[in-house]
*Asks:* 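Below are the structure tokens for one structure; questions will follow.
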Amino acid sequence: MLTQQNTRILQLLLRAGRISKEEAETVLQRVRASNQPVHEAIVQAGLMSEEELAQFLAQQHRVQYVDLTKYEVNEEFVKRFPQDFLRKHLIVPLRRKGRRLTVAVADPTNLQPLEDLKFTTGADIQMVVARPSDIQETLDRIFGTSSADLVEEALEEAVAEEAVEVAEETQELGTVDILQQAQAAPVIKFVNGILAQAIKLGASDIHIEPYEKDLRVRFRIDGVLHEIAHPPIKLKDAIVSRVKVMSKLDIAERRLPQDGRIRIKVGGKEVDIRVSTVPVVYGEKVVMRILDKSALNVDMEKLGFEPEALELFMEAIHKPYGMILVTGPTGSGKSTTLYSAMQILNKPEVNIMTAEDPVEFNFHGLNQVNIREEIGLTFASALRAFLRQDPDIILVGEIRDQETASIAIKAALTGHLVLSTLHTNDAPSSIPRLVDMGVEPFLVAASVILVVAQRLMRKICTNCKRPVEYHPEDLREIGIDPESLPGDQVFYKGEGCEVCKNTGYKGRIGIYEVMKVTPEIREALVEGASATEIREIALEQGMITLREAAIRKFLAGVSTREEVLRVTMEE
């Protein structure tokens with residue numbers, strides 16, 4: 001007698017006389033051998049089509065069968081629910097009316113997820129049944145390409161020998177001869193395939209994360225993490241060790257964080273990869289930052305500055321001295337903005353010194369120093385050395401403490417142009433942040449000439465870009481008065497296609513909040529003004545905020561309302 005929990009569908013089919021006991025056993029063998037869902041095994045065994053099975057289950061449970069390909073699913077409604085939960089249980093929320101929440105499910109015999117939904121939403125759940133493949137495709141369209149599709153590409157396409165080549169070996173970077181081992185162990189093929197696929201998809205980071213019973217691989221594409229693969233948990237140590245070998249790290253040390261680098265060639269394109277390992281509860285987490293120099297956009301005109309903001313920035317970087325600060329969270333494009341400025345300033349008659357942790361891209365003409373705190377080479381010590389190297393322009397990767405801030409400000413006050421980064425949420429907050437570090441307000445006021453806050457927002461995929469209508473309340477939510485818009489205003493969204501991996505987005509563009517430090521702001525700072533007060537002065541003087549810059553991209557059809565909400569806070 002079939003008593004396992006995952007065989008309830010088989011029991012229904014047996015009782016209805018739709019399959020024989022022998023056929024049920026065949027399905028069970030498939031399930032045990034491949035750990036695939038029962039409904040998938042039934043279809044693969046040729047016993048029923050996917051649609052026949054879905055309609056049968058709907059009839060057995062006296063609920064409606066829905067063809068999702070003909071149903072207009074509200075994407076914003078679905079996004080209110082956890083993606084992992086929906087994917088795991090193959091559920092698509094369709095609508096909510098009062099206390100009733102209607103959801104499409106693939107397996108109506110599995111009631112536990114519906115109980116969980118009822119508990120978390122406080123709603124009465126009404127289920128309908130849909131084909132599993134339709135549910136999967138709907139979730140892929142809304143949240144992005146499924147991990148199964150991507151990992152299949154990674155292992156079938158990207159592992160080809162010609163996909164990954166060894167770069168020329170240097171003393172500074174660990175270089176791995178992947179080609180010589182292309183036909184070796186599956187772990188080596190898997191890691192090589194993940195690297196090649198990440199570069200092919202334009203990912204900026206690869207995350208390898210061990211959990212108690214699961215190993216997860218994720219790519220950050222256009223600023224958003226996507227699940228790519230779930231390799232067998234028993235391979236976690238082998239995969240991490242392979243990455244450590246490639247980046248010349250100590251494979252025996254698992255208790256401490258380690259950092260390394262790899263240099264490879266994929267499709268003739270040279271790529272550096274920065275590797276970081278951190279011990280976590282169930283092993284070691286690995287994050288690989290992909291530094292693709294060919295993808296580095298150093299054209300200031302194409303970064304995304306609004307014309308008036310770009311004019312202020314260009315004016316500031318051509319000043320003979322003073323400090324320019326670029327602020328924003330990790331991954332907001334600060335390095336690209338600074339490198340773009342360096343490319344403009346990089347001339348034979350100028351001595352440019354940079355202190356970076358680490359140096360992400362090497363540029364001819366820049367004297368770049370890699371910070372190594374473990375041997376005492378800090379930002380502060382590098383800056384002191386720079387001042388004895390007759391510099392004209394100094395780039396400090398990040399101001400983290402009072403000592404670094406004080407030396408950088410001293411350099412800005414003694415005839416040097418200094419560019420650096422801070423971690424603050426907006427431009428006006430950066431100046432009080434330096435004061436909080438212990439720098440005298442009058443020194444900050446005298447040295448800082450411009451502050452730039454930035455974010456990156458995803459661009460609509462041009463291949464599947466389509467007009468879309470927004471409710472007036474949706475526009476008001478982000479600060480747009482619908483009545484002020486021109487009559488021919490058109491908004492766009494990406495429907496999702498093969499080019500953008502069904503995300504609707506392809507590539508990113510910067511939004512910038514540029515604050516010129518005017519005499520009024522200097523005076524307010526010396527008098528102890530707060531970030532809010534400084535912000536009010538800057539707004540009165542015409543500063544374009546991050547939210548306003550994002551709205552301009554939305555109105556221009558470059559991005560979406562959803563991205564405006566995701567990357568900016570309400571003003």
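Computed from a predicted structure; not experimentally measured.
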*Asks:* Hey, does Leu13 have a side-chain heavy atom less than 4.5 Å from the side chain of Leu53?
*Replies:* yes
*Asks:* For the residue pair Arg535 and Met543, establish whether any side-chain heavy-atom pair is separated by less than 4.5 Å.
*Replies:* yes
*Asks:* If only atom types and distance count, is the side chain of His89 paired as donor or acceptor with the main-chain N or O of Phe85 below 3.5 Å?
*Replies:* no
*Asks:* Considering all heavy atoms of both residues, which atom of Lys334 and which atom of Val326 are nearest to each other, and what is their separation?
*Replies:* CD-O, 3.7 Å
*Asks:* State whether the side chain of Glu513 and the backbone N or O of Ala427 hold a donor-acceptor pair below 3.5 Å, judged by distance alone.
*Replies:* yes
*Asks:* Considering only heavy atoms from C-beta outward, does the side chain of Phe219 approach that of Leu225 to under 4.5 Å?
*Replies:* no
*Asks:* Salt bridge or not for Arg289 and Asp205, using N-O below 4.0 Å?
*Replies:* yes
*Asks:* Between Asp107 and His39, does any side-chain donor sit less than 3.5 Å from a side-chain acceptor?
*Replies:* no
*Asks:* Test side-chain contact (heavy atoms from CB on, under 4.5 Å) on Ile551 and Val564 and set out the steps.
*Replies:* CA-CA 6 Å; Ile551 288 173; Val564 174; 4.2 Å; yes
*Asks:* Apply side-chain contact (heavy atoms from CB on, under 4.5 Å) to Ile239 and Val286, showing your working.
*Replies:* CA-CA 10 Å; Ile239 291 172; Val286 177; over 6 Å; no
*Asks:* Is a salt bridge present between Glu477 and Arg561, judged by a nitrogen-to-oxygen distance below 4.0 Å?
*Replies:* yes
*Asks:* Begin from the C-alpha positions of Glu548 and Ile511 and carry the test side-chain contact (heavy atoms from CB on, under 4.5 Å) through to its verdict.
*Replies:* CA-CA 9 Å; Glu548 185 179 345; Ile511 55 171; over 6 Å; no
*Asks:* Taking it one step at a time, do Asp124 and Arg100 satisfy salt bridge (charged side-chain N to carboxylate O under 4.0 Å, His left out)?
*Replies:* CA-CA 5 Å; Asp124 296 326; Arg100 178 177 293 178; over 6 Å; no
*Asks:* Just verifying a value: how many Å separate Met288 CE and Ile206 CD1, rounded to the nearest 0.5 Å?
*Replies:* 4.0 Å
*Asks:* Tell me yes or no: between the side chains of Arg455 and Tyr512, is some donor less than 3.5 Å from an acceptor?
*Replies:* no
*Asks:* For the residue pair Ile262 and Val243, what are the closest heavy atoms and their distance?
*Replies:* CD1-O, 4.4 Å
*Asks:* Should Lys506 and Asp222 count as an ion pair when the cut-off is N to O under 4.0 Å?
*Replies:* no
*Asks:* Of all the heavy-atom pairs spanning Pro210 and Val280, show the shortest one and how long it is.
*Replies:* CG-CG2, 3.8 Å
*Asks:* Kindly determine whether Arg218 and Glu227 satisfy salt bridge (charged side-chain N to carboxylate O under 4.0 Å, His left out), including the steps that lead there.
*Replies:* CA-CA 4 Å; Arg218 295 192 290 174; Glu227 286 194 8; over 6 Å; no
*Asks:* Quick one: CD1 on Ile125 to CZ on Arg96, what's the gap to the nearest 0.5 Å?
*Replies:* 8.0 Å
*Asks:* Has the side chain of Arg131 got a donor or acceptor atom that lies under 3.5 Å from a matching backbone atom of Asp134?
*Replies:* no
*Asks:* Calculate, to the nearest 0.5 Å, the distance between atoms CG and OG belonging to Leu68 and Ser133 respectively.
*Replies:* 9.0 Å
*Asks:* If you take all heavy atoms of Gly504 and Cys464, which pair is closest and at what distance?
*Replies:* CA-SG, 4.3 Å
*Asks:* Decide yes or no for Val129 and Pro108: does some side-chain heavy atom of the first lie under 4.5 Å from some side-chain heavy atom of the second?
*Replies:* yes
*Asks:* Side chain of His471, backbone of Glu473: donor and acceptor closer than 3.5 Å?
*Replies:* yes
*Asks:* Do Glu137 and Arg141 meet the salt-bridge criterion of a basic N to acidic O distance under 4.0 Å?
*Replies:* no
*Asks:* Using a 6.0 Å cut-off, check whether atom NZ of Lys118 has over 12 heavy atoms from anything other than its own residue.
*Replies:* no
*Asks:* Is it the case that the side chains of Gln126 and Thr102 hold a donor-acceptor pair, with the cut-off being a distance below 3.5 Å and no angle test?
*Replies:* yes
*Asks:* Nearest 0.5 Å, what's the CG-CZ distance between Leu195 and Phe190?
*Replies:* 10.0 Å
*Asks:* Does any N or O in the side chain of Lys493 come within less than 3.5 Å of the main-chain N or O of Ile460, such that one atom is a donor and the other an acceptor?
*Replies:* no
*Asks:* Counting distance only, does the side-chain N/O of Lys88 pair as donor-acceptor with the main-chain N or O of Gln83 below 3.5 Å?
*Replies:* no
*Asks:* Do Thr503 side-chain atoms and Cys500 backbone N/O form a donor-acceptor pair below 3.5 Å?
*Replies:* yes
*Asks:* Within a 6.0 Å radius of atom CD on Glu76, are there more than 12 heavy atoms belonging to other residues, nucleotides or ligands?
*Replies:* yes
*Asks:* State whether a side-chain donor-acceptor pair under 3.5 Å links Thr560 with Tyr505.
*Replies:* yes
*Asks:* If a pair satisfies side-chain hydrogen bond (donor to acceptor under 3.5 Å, both in side chains) and one of its residues is in residues 456-467, list it, with sequence neighbours excluded.
*Replies:* Arg458-Glu563
*Asks:* Name the one of Lys244, Lys236, Gln258 that satisfies side-chain hydrogen bond (donor to acceptor under 3.5 Å, both in side chains) with Glu284?
*Replies:* Lys244
*Asks:* Got a donor-acceptor contact below 3.5 angstrom from the Arg8 side chain to the Thr109 backbone?
*Replies:* yes
*Asks:* When rounded to the nearest 0.5 angstrom, what distance separates CG in Leu291 from OG in Ser335?
*Replies:* 9.0 Å
*Asks:* Looking only at atom types and distance, does a side-chain atom of Ser559 sit under 3.5 Å from a main-chain N or O of Lys553, one as donor and one as acceptor?
*Replies:* no
*Asks:* Using 30° and 60° as the class boundaries, would you call the ring planes of Phe554 and Tyr470 parallel, tilted or perpendicular?
*Replies:* perpendicular
*Asks:* Main chain of Ile478, side chain of Arg547: is a donor-acceptor contact present, judged purely on distance under 3.5 Å?
*Replies:* yes
*Asks:* Given side chains that start at C-beta, do those of Val73 and Leu94 come closer than 4.5 Å, heavy atoms only?
*Replies:* yes
*Asks:* What pair of heavy atoms forms the shortest contact from Ala104 to Ile135, and how long is it?
*Replies:* O-CD1, 4.0 Å
*Asks:* Is there a side-chain contact between Val105 and Asn110 (heavy atoms, below 4.5 Å)?
*Replies:* no
*Asks:* What is the minimum heavy-atom distance between Pro232 and Leu215, and which atoms define it?
*Replies:* O-CD2, 4.2 Å
*Asks:* May I have all residue pairs that pass side-chain hydrogen bond (donor to acceptor under 3.5 Å, both in side chains) and include part of residues 478-491, sequence neighbours excluded?
*Replies:* none
*Asks:* If you measure from CZ on Arg18 to CD1 on Ile9, what distance do you get to the nearest 0.5 Å?
*Replies:* 13.5 Å
*Asks:* Answer yes or no: does atom CG of Asn425 have more than 12 heavy-atom neighbours from other residues, nucleotides or ligands under 6.0 Å?
*Replies:* no
*Asks:* Taking the side chain as C-beta and beyond, is there a heavy-atom pair between Lys213 and Tyr282 under 4.5 Å?
*Replies:* no
*Asks:* Between Phe81 and Leu101, is there a side-chain heavy-atom distance shorter than 4.5 Å?
*Replies:* yes
*Asks:* Does the pair Ile199 and Ile264 meet the rule for a side-chain contact (heavy atoms from CB on, under 4.5 Å), with working shown?
*Replies:* CA-CA 11 Å; Ile199 294 165; Ile264 60 174; 4.0 Å; yes
*Asks:* So, Arg95 and Glu72, do they make that salt bridge, N to O below 4.0 Å?
*Replies:* no
*Asks:* Is it the case that over 12 heavy atoms from other parts of the model lie below 6.0 angstrom from the CZ atom of Arg476?
*Replies:* yes
